[in-house]
Structures are given as C-alpha cells and as structure tokens.
> 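Quick one: the structure is below, questions incoming.
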Amino acid sequence: MGRYILSLDQGTTSSRAIVFDKGGNIISMSQKEFGQIYPKPYWVEHDPMEILSSQLKVAKDALSKKNIPAEDIISIGITNQRETTVVWEKDTGKPIYNAICWQCHRTADMIEDLLDDEKKDLIKRKSGLIPDAYFSASKLAWILDRKDSDRKRAKKGELLFGTVDSWLIWNLTKNHYTDMTNASRTMLFNIHDMKWDEEILDIFNIPTEMLPKVFPSGAFYGECDERFFGKKIPITGVAGDQQAALFGQMCFGKGDVKNTYGTGCFLLMNTQDEIIESKNGLLTTVASTLEGEKTQYALEGSVFIGGACVQWLRDELRIIDRACDTEDICEKNNKQSQVYLVPSFTGMGAPYWNPNAKGMLTGIGRNTGREDIIKAAVDSICYQVADVAGAMEEDAKTKLTSLKVDGGASANNYLLKFQADILGKKVIRPSCVESTALGAAYLSGLYTGFWKDRDEIRENASVDRVFEPKIDKEKRDKLTGGWKKAVKAALYLADLE
C-alpha cells in the first residue's frame with residue numbers, strides 16, 4: 001500500500017496540492033494563484049485552461065519538493081470551488097467560454113425574469129437552494145444562450161457541462177463525472193431523489209445529455225492517465241470545498257458545525273440523514289457521503305465576501321501590503337469606532353439574499369483613518385458569520401456551543417478573538433487549518449482503505465487554540481446593533497434600484 005494521499009484543492013483564487021500521511025499531517029504542499037477576469041462590473045470569470053494547468057503544476061511540485069515518487073501515492077482526493085460553471089467540447093476538450101465564477105452575478109436579472117414565485121418554490125423544495133445567480137443553473141443557461149447552435153450541440157452530447165471538479169476529473173481520466181455535493185450546488189439536482197431534476201432542467205432549458213454522472217463523495221472516479229504522474233493513480237474522493245471542510249473538521253455528528261474563512265465564509269451544520277428546510281435564509285445541501293452510506297445532509301449559510309474583502313484592501317484600495325498585516329493593525333487599534341463595512345461587493349448571501357446589494361462603508365467621521373477601515377473590513381467577516389450562526393440556531397432549534405474554524409484567514413488571531421466575542425461562544429482552531437484538502441484526502445483514503453473508518457480518522461484530531469469570548473452581552477449587543485443598522489441601510493439602497 002502507498003504511503004500518502006494526494007489532495008488537489010482547486011480554489012477561487014489559487015490552486016493547491018497537499019500530500020498527507022496517515023496521521024493527517026502535511027508532508028508537502030504547493031500553491032499557485034491564477035488570474036481573475038472581470039469583463040464588466042460584478043462579472044467574474046476564470047480561464048478553465050489556467051485552472052487546469054495551475055492544478056497540474058502544483059500537484060507535480062508538491063511531489064517533487066520532497067522527492068515523493070508517484071508509487072507512494074495510493075489515491076487522489078479532489079476538492080474545489082463550487083458553483084463555478086464550465087462548458088467544453090467533448091471531442092476537443094476546449095472550453096467554449098470562460099468559467100463563470102460562483103461570485104459572478106451577471107444572471108441576477110435572468111433569475112427574476114425567468115422564475116415566478118411558483119417556480120422559485122419548486123426549485124427551493126427540490127434543490128434545497130434559494131434561487132440565485134450564485135448557483136450554476138443560470139450561469140450554464142447564459143453560456144448556452146449565447147449561440148443557438150450551442151444548445152443544439154449540447155442536446156447532441158457534443159458539449160459537456162461541469163463544475164470545476166468535473167472539469168478536472170474529465171481532463172485527468174476522460175470520465176464525465178461529478179459528486180453529489182457539487183451536483184447539489186448547481187440548482188439542477190433533486191436532493192431528495194438524488195438525481196438531475198427534469199422539471200428544473202426544463203425551466204432553464206438545459207439538455208440532460210451534457211450533464212455528468214453523479215457519484216457519492218467517496219467512490220471510484222477513474223484513474224489518472226499515466227502521462228500526468230508517470231503512473232495511473234485512482235481518484236477516489238471528491239467533494240465541494242465546504243462539504244470537504246466539514247468532513248476534514250470531523251463534523252460527523254448531528255449538529256456539528258464548522259466555518260471556513262476563505263474568499264467567502266461558509267458555515268455548515270451536519271444534519272446527518274435529516275433534510276432541514278430553512279425558514280431563515282439558509283440552504284439545505286448534501287454533505288459528503290461514502291459509497292454505500294445513507295445520503296448525508298447539511299444546513300449551510302454562504303457569505304459571499306469573507307477573506308475577499310481583505311484582498312480588496314490590498315489589491316484595490318492598496319492600504320495594506322499583505323493580508324497578514326491586518327492582524328497587528330487591528331490589535332493596535334483601540335479607538336471606539338462605529339465604522340462598519342458591509343462588503344456586499346457581489347450582492348448579499350445568507351441570510352439576506354439580495355443580489356442587488358452594493359458595498360457600504362458607514363459611520364465615518366473626520367478622524368476616520370486607514371486603520372479604522374482595515375478593522376471594519378476584518379470585523380465585517382465576523383459579523384456576517386454571526387448573522388448566519390443565529391439563523392442556523394433558529395432553523396436547527398438548537399444553540400451552538402462552539403464553532404470549529406479553518407481556512408486561510410483563521411490564522412488571524414484578532415479575527416478569531418473578535419469572532420468569539422461577537423458570537424458569545426468559543427471558537428476552536430485545529431492544528432491543521434487545511435481542512436478542505438484534508439477532507440478530500442480522508443474521503444479518498446477511506447474508500448481505498450488507507451484509513452479503516454471514521455474512528456481511526458478521529459485519532460488524528462489536534463487543537464491549536466481555543467478562543468473564549470471576552471466581552472459582556474451589553475457591549476456585544478451594541479456592536480451588533482450598529483452592524484445591523486449598516487446592513488439595513490445597504491438593503492434599503494439595493495431596493496431603490
């Protein structure tokens with residue numbers, strides 16, 4: 001048996017590859033950023049070929065860094081940015097258009113024009129999702145609407161659709177497959193029957209011939225062509241990034257919750273085999289499930305702009321040099337500022353769901369400085385997570401006792417301290433914050449027998465730090481009250497459009 005699992009972690013702004021050993025330890029890692037394409041305001045695209053090339057490069061780099069031969073890799077797990085939509089030619093493998101990113105809201109008007117209340121209710125009931133341009137369905141319809149011939153070609157099976165996992169699997173194995181978690185994010189998948197839904201496909205005029213075959217997250221997806229790594233390596237674990245992180249955080253029990261601080265923020269609660277229909281703006285989605293198991297589900301709150309607002313400070317405002325500088329700046333800023341940033345740069349996600357919302361900075365005065373704006377941006381991540389956590393408690397009819405966290409921004413101690421304060425609950429950071437890649441590795445390794453069962457995986461759990469809330473309820477209420485007023489103002493302006 002091989003010694004390691006290779007995890008391919010294809011994210012929104014970068015591609016990563018991580019090699020894990022049996023203890024869940026990182027043996028080697030490589031990461032490469034790729035280009036973001038903004039053809040128009042609020043449009044976001046990626047080059048699918050750059051996604052592929054960057055992912056292959058980091059995979060090879062991760063192995064070569066530690067001189068790990070392909071023979072030592074027992075299997076591959078894949079995790080990916082979800083909802084991002086790719087359409088390519090079956091014969092040539094060439095995309096017919098750029099990948100439309102999950103952040104892109106070009107199809108917001110299409111959602112409103114195409115869907116009346118009855119259709120929206122049907123989609124929510126069947127897919128578990130609140131109809132929105134965030135998901136793949138309208139993005140795919142937009143691509144096919146560009147040319148009459150493309151929909152005809154799709155009907156003939158000449159064009160293939162996939163989320164990023166499917167795009168990678170097809171290029172590595174030539175199998176047109178996806179997993180249940182990614183399928184459940186397209187807004188075309190029935191999470192009750194666990195199959196593509198004919199009624200929803202008809203609404204968006206999507207041909208079934210272009211859709212991938214759906215498998216559980218822990219299953220056999222084929223073998224990589226040996227030209228990539230010098231030998232055939234099976235792909236045996238696939239999951240969308242947030243479901244992979246839920247698994248990587250070992251949230252196996254009902255009610256277990258994690259939050260990932262990435263480009264966005266994603267709070268998920270494991271509900272096991274129970275489908276909970278949200279009354280508070282959350283999504284019902286499919287959780288990572290192994291072949292032969294009953295389908296697992298989760299409640300999810302999706303925040304569109306999390307760590308991306310820190311990138312905005314760095315790349316657009318240019319008031320910081322590095323994302324990690326925000327920790328020290330926020331720690332030193334002791335001003336009792338009432339500055340709030342509502343970072344709805346691509347509309348608002350859970351629990352508000354307003355695609356027309358724009359970003360807003362409130363409470364600024366003559367003495368407002370660079371440090372205040374930076375702190376407001378970091379704080380906004382915590383406020384948004386707290387909004388989602390409150391909605392989740394109401395839907396699940398249970399109080400959260402703690403929050404497990406991961407993702408790049410979870411390295412920021414100030415952010416996690418403030419998160420604990422605003423939630424009024426302890427925040428737990430594991431020793432390995434690469435939970436997304438780790439979850440994909442665990443799914444892959446469980447299928448191949450690298451790990452025997454979930455109990456063996458639990459033995460790998462290790463906590464880096466626990467953050468306890470330090471402020472009282474009065475101060476918490478005052479802070480969150482200011483935030484809610486800022487959000488209300490942003491929603492008010494959005495409704496004027």
> Give the C-alpha distance, both sets of side-chain angles, the deciding distance and a yes or no for ring-ring contact (aromatic ring centres under 6.0 Å, His included) between Tyr383 and Phe418.
CA-CA 9 Å; Tyr383 286 123; Phe418 191 69; 5.6 Å; yes

> Is any side-chain N of the basic residue among Lys279 and Asp395 closer than 4.0 Å to the acidic one's carboxylate O?
no

> Could you tell me whether Phe220 and Tyr447 have their ring centroids closer than 6.0 angstrom?
no

> Checking the side chain of Ser64 only, and the main-chain atoms of Asn67 only, is there a donor and an acceptor separated by less than 3.5 Å?
no

> So, for Lys90 and Trp170, which heavy atoms are closest and what is the spacing to 0.1 Å?
O-CZ2, 3.5 Å

> Going through the distances and angles, do Met348 and Val487 end up as a side chain to side chain contact (heavy atoms under 4.5 Å, CB included)?
CA-CA 10 Å; Met348 280 190 186; Val487 170; 4.0 Å; yes

> Compare every heavy atom of Ile111 with every heavy atom of Met187, then report the nearest pair and how far apart it is.
CE-CD1, 4.0 Å

> Examine distances only and state if a side-chain atom of Arg429 and a backbone atom of Lys404 form a donor-acceptor pair shorter than 3.5 Å.
no

> Going by an N to O cut-off under 4.0 Å, is there a salt bridge joining Asp421 and Lys417?
no

> Distance from Ser127 atom OG to Leu122 atom CG, nearest 0.5 Å?
9.0 Å

> Would you check, one step at a time, whether the test salt bridge (charged side-chain N to carboxylate O under 4.0 Å, His left out) holds for Arg82 with Asp241?
CA-CA 7 Å; Arg82 304 171 302 171; Asp241 50 11; 3.3 Å; yes

> Check whether the side chains of Ser136 and Arg185 place a donor and an acceptor atom closer than 3.5 Å, and report yes or no.
no

> Could you tell me how the ring of Phe345 sits relative to the ring of Trp312: parallel (under 30°), tilted (30 to 60°) or perpendicular (over 60°)?
tilted

> Apply side chain to side chain donor-acceptor pair (under 3.5 Å) to the pair Thr260 and Gln242, showing each step before the final yes or no.
CA-CA 7 Å; Thr260 296; Gln242 303 315 316; 3.3 Å; yes

> Does a salt bridge link Glu393 with Lys399, judged by any charged N lying under 4.0 Å from a carboxylate O?
yes

> Could you tell me which non-hydrogen atom of His46 sits nearest to which non-hydrogen atom of Cys101, and how far apart they are?
CE1-SG, 3.8 Å

> Run the salt-bridge test on Lys397 and Glu274 with the 4.0 Å N-O cut-off and return the result as yes or no.
no

> Without swapping roles, check the side chain of Ser402 against the backbone of Val427 for a donor-acceptor pair under 3.5 Å.
no

> Test the Lys60-Phe229 pair against the cation-pi criterion, namely NZ or CZ under 6.0 angstrom from the six-membered ring centroid and within 45° of the ring axis.
no

> Salt bridge check, Asp197 against Lys126: does any charged N sit closer than 4.0 Å to a carboxylate O?
yes

> May I have the step-by-step check of salt bridge (charged side-chain N to carboxylate O under 4.0 Å, His left out) for Glu83 and Lys139, ending in yes or no?
CA-CA 9 Å; Glu83 299 95 16; Lys139 303 179 194 298; over 6 Å; no

> Hey, what do you get for CG (Asp273) to OG1 (Thr295), rounding to the nearest 0.5 Å?
9.0 Å

> What are the two closest heavy atoms between Ala437 and Ser7, and how far apart are they?
O-OG, 2.7 Å

> Keeping His176 on the side-chain end and Phe161 on the backbone end, is there a donor-acceptor pair under 3.5 Å?
yes

> So Val385 and Leu403, do their side chains get closer than 4.5 Å, heavy atoms only?
yes

> Which heavy-atom pair separates Ser288 from Phe247 by the least distance, and what is that distance?
CB-CD1, 3.9 Å

> Compare all side-chain heavy atoms of Leu211 with those of Ile206 and state whether any distance is below 4.5 angstrom.
yes

> Going from CG on Asn270 to NZ on Lys258, what distance comes out if it is rounded to the nearest 0.5 angstrom?
12.0 Å

> Measure across Ala441 and Phe20 and return the closest heavy-atom pair with its distance rounded to 0.1 Å.
CB-CD1, 3.6 Å

> Would you sort out whether Asp61 and Lys57 count as a salt bridge (charged side-chain N to carboxylate O under 4.0 Å, His left out), showing the intermediate values?
CA-CA 6 Å; Asp61 286 351; Lys57 183 180 189 307; 2.8 Å; yes

> What's the verdict on side chain to side chain donor-acceptor pair (under 3.5 Å) for Thr84 and Gln81, showing C-alpha distance, side-chain angles and the deciding distance?
CA-CA 7 Å; Thr84 296; Gln81 54 167 315; 2.7 Å; yes

> Quick one, Val238 and Thr178 - any side-chain contact, counting heavy atoms below 4.5 Å?
no

> Can you tell me how far the NZ atom of Lys231 sits from the CD1 atom of Ile73, to the nearest 0.5 Å?
8.5 Å

> Could you walk me through whether Arg314 and Asp325 satisfy the salt bridge (charged side-chain N to carboxylate O under 4.0 Å, His left out) test, starting with their C-alpha distance in whole Å, then the side-chain angles of each, then the deciding distance to 0.1 Å, before giving a yes or no?
CA-CA 10 Å; Arg314 183 192 68 190; Asp325 293 338; over 6 Å; no

> Do the side chain of Thr173 and the main chain of Asn175 share a donor and acceptor less than 3.5 angstrom apart?
yes

> After noting the C-alpha distance and the side-chain angles of Tyr442 and Ile5, does the key distance pass the side chain to side chain contact (heavy atoms under 4.5 Å, CB included) rule?
CA-CA 8 Å; Tyr442 282 152; Ile5 303 290; over 6 Å; no

> Do the side chain of Glu468 and the main chain of Ala420 share a donor and acceptor less than 3.5 angstrom apart?
no

> Are any of the side-chain nitrogens in Asp455 or Arg458 under 4.0 Å away from the carboxylate oxygens of its partner?
yes

> How far does CG of Asn259 sit from CE of Met392, to the nearest 0.5 angstrom?
9.0 Å

> Using modelled atom types and a 3.5 Å cut-off, is there a donor and acceptor pairing between side-chain atoms of Trp483 and backbone atoms of Asp379?
no

> Counting distance only, does the side-chain N/O of Gln384 pair as donor-acceptor with the main-chain N or O of Ile305 below 3.5 Å?
yes

> Check Asp121 with Lys124, please: is the shortest side-chain N to carboxylate O separation under 4.0 Å?
no

> Can a donor-acceptor pair be found, under 3.5 Å and without considering hydrogens, that links the side chain of Ser15 to the backbone of Gly11?
no

> Do the non-hydrogen side-chain atoms of Ile381 and Cys265 ever get within less than 4.5 Å of each other?
yes

> Ignoring hydrogens and geometry, is there a side-chain-to-backbone donor-acceptor pair from Asp225 to Arg227 under 3.5 Å?
yes

> Tyr221 and Phe215: ring-ring contact (aromatic ring centres under 6.0 Å, His included), yes or no, with the steps?
CA-CA 8 Å; Tyr221 287 83; Phe215 290 85; 5.6 Å; yes

